*Asks:* 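Before I ask anything, let me first share the structure, which is written out below as C-alpha cells.
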Amino acid sequence: MRRRAFAAAAALACIVALAAAPLPVSAHINDVTADPQASTDGTVVVETAYVADDAWVALYADDDGERGELLAADRLRGAGFRTDLAVTIDEERWDDWGAGEARSVHVALHSDDGSGGFDREEDAVLTAFGREATDRFTLERGPTAYVGSAAFSPETVDDGSVQVRNVQLPADGYVVARNVTDPGDEDETAAGPVGATALDAGSHGDVTVRLEDSFSEDLGSRARLALTLYRSDGDGSFGPGDEPVMAGGDAVTTFVYVNRTDTADGGRSTTAGDADGEDDTGVTTATPADDTDDDSLVTTATTSPAAGGPSPTADDGGESTSTDGQPGFGALAAVLATVLGVGVATHRRRS
C-alpha cells in the first residue's frame, strides 16, 4: 500500500512540477534540433538530440512540407543528450544533389523496436507532450559551413563572453553574435551584432566570442543570441563588406539562450554612437580597458580576449530566423529530481 501511495504521489508531483515550471516549449525528453548548413560530402550535423532510450535519428527529403524520401538513419544507443551528431546521407541520394544546390531536409527521432534495422513505419516518430521530435533545416551542397552552440541548458555569460562549441568556416571570416528581437516568438529574428571573433577557414572548437560591454552589462537574467558565420572581405576587420555565409536563402546560424547570474554593477562606462555623436548602428561602443588603440568588435579565436569591449562597425548583413525549439532540459531535470528526491527520503523514513 505504501509503495502504491508513494508512486501515485510521485506521479502527481511530477505533473504539478511540469505544470508550474516556466519551461520553454521544447523542455522535452525527446527533442532534436538542426540548423542551416552546407556539406561537401553529405555529412549533416544534428546540433542537439535527447532521447530517453535506444532510438533512431533519421533524415528525410522535404515533400511539400512533409517528410518524404528517407535520406539516412543512424541508431542512437542508450538514453542521453547528444550534441553535434554527424549523420551521413546515403551516397546514391547525395549524388543526386548538384553543386551549390540547397534543399529543405527534415530530421526526426524514431523509437527502436529492437528488430536490428530501421523501419520508418514500425519505428514510430517519438513525441513528447504531444509534439513530434522533429526539425527542418536547409542543407546546401558546397564547402562545409556549420555553427553549433545549443546545449542542455542556457550558457552563463557572467564574464562578458559566449562560448561557441563548433565552427566550420568555408573561408576566412568571423563568427558573429547578434541580439535577438522578440525572443521566444516562432519567427524571432536576429538584429545587430554585439560581438565577433575572427577565424581562419576550417574547423574550430570552443571559440570565445567577446560580447560588447553595454550589451552584457544590461543583459539581465536571460537573453537570446544568434551566432552567425560571416565571410571576410579581406580588410582585416568586421564591417559592412563582410557577408553572412548562406545555405540556400538562410544564413548559417544557430540560436541559443544565455544567462547572466551576476547582475551586479561594476562594468566600465560605455559611449554610444560614432565620432559625430550620432548613434547610427544600434549597438553601443565600448571603451577598451587598456591603453591600446584596439577598439574593434573582433577578437581572435586563438587566445583569450583581452579586457574591454568591442566597437561594432557593421550593420546586420543578413536576416536569420529561428523556428527551432528552445533549451530547457536542465530546469525540468532539477524540478523533477528535487521532487522525487524528497519523496524517496520521506518514503524511506516511513519504511
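It should be emphasised that the depicted structure is a prediction, and the values quoted were computed from it without experimental measurement.
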*Asks:* Tell me, with the steps shown, if Arg67 and Val125 meet side-chain contact (heavy atoms from CB on, under 4.5 Å).
*Replies:* CA-CA 11 Å; Arg67 293 186 294 273; Val125 174; 3.5 Å; yes
*Asks:* Look up atom CZ in Arg75 and atom CG in Asp54, then write down how far apart they are to the nearest 0.5 Å.
*Replies:*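 If I round to the nearest 0.5 Å, the distance is 7.5 Å.
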*Asks:* So Phe118 and Trp56, would you call those rings parallel, tilted or perpendicular, with 30° and 60° as cut-offs?
*Replies:*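 Ring orientation of Phe118 relative to Trp56: tilted.
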*Asks:* Hey, any chance Tyr146 and Val105 share a hydrophobic cluster, counting ILVMFWY side chains that come within less than 4.5 Å of each other, even indirectly?
*Replies:*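 As far as the 4.5 Å side-chain criterion goes, Val105 and Tyr146 are not connected within one cluster.
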*Asks:* Between Met246 and Glu140, which heavy-atom pair has the shortest distance, and what is it?
*Replies:*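 Heavy-atom minimum between the residues: O-OE1, 3.8 Å.
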*Asks:* Report whether Leu139 and Val45 are members of the same hydrophobic cluster (ILVMFWY, side-chain heavy atoms less than 4.5 Å apart, transitive linking).
*Replies:*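 Result: no, two separate clusters.
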*Asks:* Ignoring hydrogens and angles, state whether a donor on the side chain of Asp159 or Ser161 is under 3.5 Å from an acceptor on the partner side chain.
*Replies:*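 The criterion, which ignores hydrogens and geometry beyond distance, is satisfied for Ser161 and Asp159.
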*Asks:* Would you say the side chains of Gln163 and Thr208 form a donor-acceptor pair under 3.5 Å?
*Replies:*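 Side-chain D/A pair, Gln163 to Thr208: present.
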*Asks:* At what distance, to the nearest 0.5 angstrom, does CG of Leu59 lie from NE2 of His106?
*Replies:*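 Going from CG on Leu59 over to NE2 on His106, the span is 11.0 Å.
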*Asks:* Give me the atom names and distance for the closest heavy-atom approach of Ala108 to Thr134.
*Replies:*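 So the minimum-distance heavy-atom pair works out to CB-CG2, 3.6 Å.
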*Asks:* Can you find a pair of side-chain heavy atoms, one from Glu122 and one from Ser115, that are under 4.5 Å apart?
*Replies:*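 No, side chains not in contact.
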*Asks:* Could you check whether any side-chain N or O of Asp242 sits under 3.5 Å from a backbone N or O of Gly239, counting only pairs where one atom can act as donor and the other as acceptor?
*Replies:*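 Indeed, once roles are kept as given, a pair shorter than 3.5 Å links the two residues.
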*Asks:* Using a 3.5 Å distance criterion without hydrogens, assess whether the side chain of Asp172 forms a donor-acceptor pair with backbone atoms of Ser232.
*Replies:*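 It does not hold such a pair.
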*Asks:* Judged by atom type as modelled, is there a donor-acceptor pair below 3.5 Å linking the side chain of Asn166 to the main-chain atoms of Gly205?
*Replies:*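 Not confirmed, Asn166 side chain does not pair with Gly205 backbone.
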*Asks:* State, to 0.1 Å, how close Arg222 and Asn259 come at their nearest heavy-atom pair, and which atoms those are.
*Replies:*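 Closest pair (atom of Arg222, atom of Asn259, distance): NE-OD1, 3.0 Å.
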*Asks:* Apply side-chain contact (heavy atoms from CB on, under 4.5 Å) to Thr197 and Val167, showing your working.
*Replies:* CA-CA 11 Å; Thr197 290; Val167 174; over 6 Å; no
*Asks:* If you measure from CG on Asn30 to CG on Asp53, what distance do you get to the nearest 0.5 Å?
*Replies:*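 Reported value, rounded in 0.5 Å steps: 9.5 Å.
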*Asks:* Using the six-membered ring wherever Trp is involved, compare the ring planes of His110 and Tyr60 and label them parallel, tilted or perpendicular (cut-offs 30° and 60°).
*Replies:*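 Rings of His110 and Tyr60: tilted, 30 to 60°.
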*Asks:* Under the side-chain contact (heavy atoms from CB on, under 4.5 Å) test against Leu229, which residue among Val245, Thr253, Leu199 passes?
*Replies:*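 When side-chain contact (heavy atoms from CB on, under 4.5 Å) is applied between Leu229 and each of Val245, Thr253, Leu199, only Val245 qualifies.
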*Asks:* Any donor and acceptor pair, going by atom type alone, linking the side chain of Asp113 with main-chain N or O of Asp123 inside 3.5 Å?
*Replies:*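 A pair under 3.5 Å: no.
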*Asks:* Ignoring hydrogens and geometry, is there a side-chain-to-backbone donor-acceptor pair from Asn179 to Gly192 under 3.5 Å?
*Replies:*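 No; zero donor-acceptor contacts below 3.5 Å.
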*Asks:* Dump the intermediate steps for side-chain contact (heavy atoms from CB on, under 4.5 Å) on Leu70 and Asp90, then the final yes or no.
*Replies:* CA-CA 9 Å; Leu70 178 67; Asp90 179 77; over 6 Å; no
*Asks:* Hey, what's the ring geometry for Phe238 with Tyr230, parallel, tilted or perpendicular (30° and 60° as the breaks)?
*Replies:*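 Ring orientation, 0 to 90° scale: perpendicular.
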*Asks:* Check whether Ser111 reaches the backbone of Ala124 with its side chain - one donor and one acceptor, N or O, closer than 3.5 Å.
*Replies:*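 A pair under 3.5 Å: yes.
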*Asks:* Looking at CG of Asp31 and OG1 of Thr127, how far apart are the two atoms once the value is rounded to the nearest 0.5 Å?
*Replies:*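 Between Asp31 CG and Thr127 OG1, I get 12.0 Å after rounding to 0.5 Å.
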*Asks:* Side chain to side chain donor-acceptor pair (under 3.5 Å) for Thr43 and Asp41? Distances and angles first, verdict last.
*Replies:* CA-CA 6 Å; Thr43 299; Asp41 61 0; 3.1 Å; yes
*Asks:* So, taking the atom named CD in Glu243 and the one named CG in Asp233, what distance separates them when rounded to the nearest 0.5 Å?
*Replies:*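 Reported to 0.5 Å precision, the distance equals 8.5 Å.
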*Asks:* Does a side chain donor of either Asp35 or Thr254 reach within less than 3.5 Å of an acceptor in the other side chain?
*Replies:*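 Side chains of Asp35 and Thr254: pair found under 3.5 Å.
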*Asks:* Taking all non-hydrogen atoms of both residues into account, name the closest pair between Asp112 and Gly114 and its distance.
*Replies:*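 Nearest pair, atom of Asp112 first, then Gly114: OD1-N, 2.9 Å.
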*Asks:* Identify which one of Val57, Leu71, Val87 satisfies the side-chain contact (heavy atoms from CB on, under 4.5 Å) criterion when paired with Val107.
*Replies:*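 The residue from Val57, Leu71, Val87 that satisfies side-chain contact (heavy atoms from CB on, under 4.5 Å) with Val107 turns out to be Val57.
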*Asks:* Any chain of hydrophobic side-chain contacts (each under 4.5 Å) joining Leu219 to Val164?
*Replies:*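 Yes, because Leu219 and Val164 connect within a single hydrophobic cluster, where side-chain heavy atoms sit under 4.5 Å apart.
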*Asks:* Where the side chain of Gln37 meets the backbone of Val252, is there a donor-acceptor pair that is under 3.5 Å apart?
*Replies:*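 It does not hold such a pair.
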*Asks:* To check you understand the geometry: which heavy-atom pair defines the closest contact between Gly195 and Val209, and what is its length?
*Replies:*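 Scanning both residues completely, I find the closest heavy atoms to be C-CG1, 3.7 Å.
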*Asks:* Checking Arg260 side chain against Ser216 main chain: does a donor-acceptor pair fall under 3.5 Å?
*Replies:*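 Pair found, side chain donor or acceptor close to backbone of Ser216.
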*Asks:* Would you check if the side chain of Arg165 reaches a backbone N or O of Ala150 as a donor-acceptor pair within less than 3.5 Å?
*Replies:*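 Such a contact is found between Arg165 side chain and Ala150 backbone.
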*Asks:* Is any side-chain heavy atom of Val194 closer than 4.5 Å to one of Leu225?
*Replies:*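 Leu225 vs Val194: side chains touch.
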*Asks:* Minimum heavy-atom separation for Ala49 and Leu85, please, with both atom names.
*Replies:*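 Shortest heavy-atom contact: CB-CD2, 4.5 Å.
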*Asks:* Give the C-alpha distance, both sets of side-chain angles, the deciding distance and a yes or no for side-chain contact (heavy atoms from CB on, under 4.5 Å) between Arg136 and Asp62.
*Replies:* CA-CA 9 Å; Arg136 185 167 59 168; Asp62 179 69; 3.2 Å; yes
*Asks:* Drop me the distance from Glu132's CD to Leu109's CG, to the nearest 0.5 angstrom.
*Replies:*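 Answer rounded to 0.5 Å: 10.5 Å.
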*Asks:* So, Thr156 versus Asp158: side-chain donor-acceptor pair below 3.5 Å or not?
*Replies:*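 Their side chains do not contain a donor-acceptor pair, so the 3.5 Å distance test is not met.
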*Asks:* I'd like to know if the side chain of Arg141 reaches the main chain of Trp94, judged simply by a donor and an acceptor atom lying under 3.5 Å from each other, with no hydrogens or angles considered.
*Replies:*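 Yes: the side chain of Arg141 pairs with the backbone of Trp94.
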